[in-house]
Structure formats: structure tokens, C-alpha cells
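Letters go in sequence order (proteins before strands), and every chain restarts at 1.
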There are 2 protein chains.
Amino acid sequence: MSRKLLEQNGICPVATTIDLLSSKWKVLIVRDLLTGTKRYSELKQSVAGISQKMLTQSLREMESDGLVTRHAYAVIPPKVEYRLSDLGNSMRPVIETMANWGSVYLDQNPDKRKKLAQSE
Amino acid sequence: MSRKLLEQNGICPVATTIDLLSSKWKVLIVRDLLTGTKRYSELKQSVAGISQKMLTQSLREMESDGLVTRHAYAVIPPKVEYRLSDLGNSMRPVIETMANWGSVYLDQNPDKRKKLAQSE
DNA sequence: CAGCATCCGTCTGGATACTG
DNA sequence: CAGTATCCAGACGGATGCTG
């Protein structure tokens with residue numbers, strides 16, 4: 001229903017952004033690609049908890065949306081790298097703003113921290 | 001599964017933010033409350049396409065997450081107003097950054113605009 | 001007006017097994 | 001390593017009907 005959202009909210013810029021970042025996974029993938037090119041297996045690691053199905057599916061959609069580019073090397077074993085396109089990179093401020101907000105929130109709500117130790 | 005995301009990604013600030021803004025609807029609700037207090041029926045209008053079930057459910061969750069406050073007036077017919085808490089208001093930069101990104105994106109991809117006319 | 005309760009189809013997404 | 005293919009449970013969310 002992601003496309004429908006855009007339709008129903010017309011040309012709202014916020015809805016547009018959400019539309020391209022439709023799932024949580026995509027946001028986290030962008031987050032991890034902001035630091036540079038990553039292999040499939042690296043993403044699988046850094047995006048804690050994602051299944052290969054969701055990772056592949058998300059990457060494919062992001063590719064067709066022009067957020068990510070895929071670079072496959074004809075070697076054995078296979079090696080595939082993903083990196084942000086210019087469009088994907090332009091999302092940096094969005095992710096950073098989220099990161100800032102989350103940091104402040106975590107600072108002010110120490111209880112939310114208790115859960116686990118760092119993951120990245 | 002929203003809480004699980006936070007757990008599995010540890011204390012990642014980005015994941016934290018996504019966690020509180022877990023659904024698209026919530027983002028759009030915050031967007032609309034940024035301009036001030038709104039009644040239930042007004043939100044139902046401005047958040048195009050949302051069902052009363054989803055609206056109520058989202059508002060309840062946002063309330064318990066401390067993003068939104070609810071003010072019910074004992075009149076007939078009933079009147080209930082919703083407004084952002086300080087925490088909710090602090091999300092303004094997040095939504096604005098999304099809006100900015102979406103605006104630029106729409107400007108550079110005029111084809112995405114064709115769909116419909118303005119909705120808000 | 002502002003909900004709540006319920007039914008129920010749809011789709012998401014995890015688990016598992018297999019391949020170039 | 002980097003996927004693809006299937007199965008399937010459970011969550012999501014719309015529609016409908018009913019209240020204070």
C-alpha cells in the first residue's frame with residue numbers, strides 16, 4: 001500500500017519521503033550505506049535482525065527507486081557491493097536528523113537504554 | 001514488531017526514532033499537528049485515507065509514547081482535541097527534513113507529480 | 001462527534017530449503 | 001557468497017455496526 005499513500009495524500013512532500021522509505025529496513029540500510037559501499041553480507045550483519053528475504057527485497061526496491069546501485073563482480077565466490085546513488089546520498093540529512101532526535105531522546109530516557117548494549 | 005527493532009538494533013538512535021514513528025500514519029499525524037491543535041474529525045480529514053480505526057489506534061499509541069496529548073471536553077456533541085507534547089514538537093526537525101527532501105525530489109521528478117492535485 | 005468492537009480478507013515477513 | 005523459491009502464521013488494516 002505504499003504507493004497508495006502517495007496517491008491519497010496527493011503531492012505531500014512528507015508522504016513522498018515516507019513512500020520511498022516505506023519500511024524500517026530501508027531506513028536502516030540507508031543509514032549503513034551512508035558510511036560507504038557495503039557487501040551484501042556486511043549489510044546482513046549491520047542491519048541487525050533483517051532476514052535475507054527482506055534484505056534482498058528492500059535492496060531491489062531501493063534499486064528500482066534509484067536510491068541504491070548494485071555492483072556485481074564476476075568472481076568466485078560471488079561478490080556484490082551496494083552503494084548509495086546521488087539520490088540516496090541526498091537522504092543523508094533525513095537520516096541524520098532522525099539520528100539526532102533519537103540521541104536526544106535516549107539521553108532523556110535512560111530507561112530505554114537498559115535493553116541492550118551497542119550493536120554498531 | 002516495532003519494539004523488537006529497537007532491541008535488535010540495540011540503542012541505535014535512528015532505530016529509536018523509527019520505533020516511535022513506526023507507521024506512516026503517525027508521521028502524517030505529527031505533520032498535521034505541527035500546525036497546532038486539531039480535533040479528531042479534523043485529523044480524519046487532513047490525514048487523507050486513514051480509517052477511524054487506524055487514526056484512533058495511532059493516537060492512542062502516540063499518547064502512551066508521550067508524543068501527543070488528548071483533551072476531551074465534556075460537551076454534547078463530544079469534542080476531543082489532540083496536540084503535540086513537547087516531545088512530539090521536538091520532532092519538528094525530523095518532519096521538516098523529510099518535507100524538504102520530498103519537495104526537492106518532487107521538483108526533480110515532475111512525473112511523480114502528475115498523479116493528483118493537492119490534498120492539503 | 002468520537003469513539004469501540006468485531007469480522008475477515010490481504011499482505012508482510014520469518015523460516016526453511018535449494019542453486020550458480 | 002549472494003541470492004531465489006515456497007510455505008505459512010500472524011499482523012495489518014478496511015468495512016460495518018453499535019454507543020455515550
Side-chain angles (χ1 to χ4, degrees), chain A residues 1-9 15 18-29 32-33 36-65 68-83, chain B residues 1-9 15 18-29 32-33 36-65 68-83:
Chain A
M1 87 159 312
S2 70
R3 299 297 131 168
K4 218 181 291 177
L5 214 201
L6 184 57
E7 286 165 27
Q8 299 190 319
N9 277 277
I18 298 176
D19 200 46
L20 287 183
L21 248 37
S22 54
S23 85
K24 313 158 190 271
W25 298 127
K26 291 184 185 176
V27 180
L28 298 177
I29 290 171
D32 288 345
L33 288 181
T37 297
K38 284 207 167 44
R39 299 183 59 167
Y40 182 88
S41 52
E42 293 179 300
L43 284 172
K44 185 89 171 52
Q45 279 293 318
S46 62
V47 183
I50 197 172
S51 63
Q52 74 282 52
K53 178 181 177 179
M54 278 301 97
L55 179 55
T56 301
Q57 183 179 308
S58 300
L59 287 169
R60 295 282 173 281
E61 291 176 9
M62 295 169 80
E63 221 189 316
S64 83
D65 281 339
V68 159
T69 56
R70 195 183 103 112
H71 306 270
Y73 299 86
V75 296
I76 290 183
K79 173 176 175 177
V80 180
E81 290 184 339
Y82 292 91
R83 69 188 63 167
Chain B
M1 86 158 313
S2 68
R3 300 296 131 169
K4 219 181 292 177
L5 214 200
L6 184 58
E7 286 166 27
Q8 299 191 319
N9 277 276
I18 299 175
D19 200 46
L20 288 183
L21 250 35
S22 54
S23 86
K24 313 158 190 273
W25 298 128
K26 291 184 186 177
V27 180
L28 298 177
I29 290 171
D32 289 345
L33 288 181
T37 297
K38 284 205 169 45
R39 297 182 60 167
Y40 183 88
S41 52
E42 293 180 300
L43 284 173
K44 185 88 171 54
Q45 280 292 317
S46 62
V47 182
I50 197 172
S51 63
Q52 73 282 56
K53 177 180 177 179
M54 279 300 98
L55 179 55
T56 300
Q57 183 178 308
S58 301
L59 287 170
R60 294 285 172 279
E61 291 177 9
M62 294 169 80
E63 223 190 316
S64 83
D65 282 339
V68 160
T69 56
R70 196 183 103 111
H71 306 272
Y73 298 86
V75 296
I76 290 184
K79 174 176 175 179
V80 180
E81 291 184 338
Y82 291 91
R83 68 187 62 168

What is the distance from atom CD of B/Glu81 to atom CD of B/Glu42, rounded to the nearest 0.5 Å?
8.0 Å
If I take atom NZ in residue A/Lys24 and atom C1' in nucleotide C/dG14, what distance separates them, rounded to the nearest angstrom?
15 Å
How far apart are the closest heavy atoms of B/Leu33 and B/Arg83, and which atoms are they?
CD1-C, 4.4 Å
Is any side-chain N or O of A/Gln57 under 3.5 Å from a base N or O of D/dT4, one able to act as donor and the other as acceptor?
no
Could you grab the distance from atom CG of A/Leu28 to atom CD1 of B/Ile18, nearest 0.5 Å is fine?
4.5 Å
Strictly distance-based, threshold 3.5 Å: is any side-chain N or O of A/Ser64 a donor or acceptor partner for the main-chain N or O of A/Glu61?
yes
Whole angstroms only, please: what is the CD-P distance between A/Gln52 and C/dA15?
9 Å
Between C/dT12 (P) and A/Lys26 (NZ): distance, integer Å:
10 Å
Given C/dG14, C/dA2, D/dA2, which nucleotide is nearest the side-chain atoms of A/Ser51?
C/dG14
Distance from B/Ile50 atom CD1 to B/Lys26 atom NZ, nearest 0.5 Å?
10.5 Å
Rounded to whole Å, CG of A/Leu55 lies from C1' of C/dG13 at a distance of 13 Å
Atom-to-atom span, CG of B/Leu59 to C1' of D/dG13 - whole angstrom
16 Å
Please report the distance, rounded to the nearest Å, between CE in A/Met54 and P in D/dA2.
19 Å
Phosphate oxygens OP1/OP2 of D/dC1: is one of them under 4.0 Å from a side-chain N or O of A/Ser41?
no
Is any side-chain N or O of B/Tyr40 closer than 4.0 Å to OP1 or OP2 of C/dC4?
no
Say you draw a straight line from CE of B/Met54 to CD1 of B/Ile29; how long is it, rounded to the nearest 0.5 Å?
10.0 Å
Check whether any side-chain nitrogen or oxygen of A/Arg60 sits under 4.0 Å from OP1 or OP2 of D/dA2, and answer yes or no.
no
Listed in order of residue number, which residues of residues 71-80 of chain A have a non-hydrogen atom at under 4.0 Å from DNA chain D?
A/Pro77, A/Pro78, A/Lys79, A/Val80
Of B/Glu42 and B/Lys53, the one whose closest DNA chain C nucleotide lies more 5':
B/Glu42
Heavy-atom pair of closest approach, residues A/Trp25 and A/Ala48:
CZ3-O, 3.9 Å
Interatomic distance where CD1 belongs to A/Ile50 and P belongs to C/dT12 [whole Å]:
15 Å
Is the shortest side-chain N/O distance from A/Arg39 to OP1 or OP2 of D/dG3 below 4.0 Å?
no
What is the separation between atom NZ on A/Lys44 and atom P on D/dG3, rounded to the nearest whole Å?
12 Å
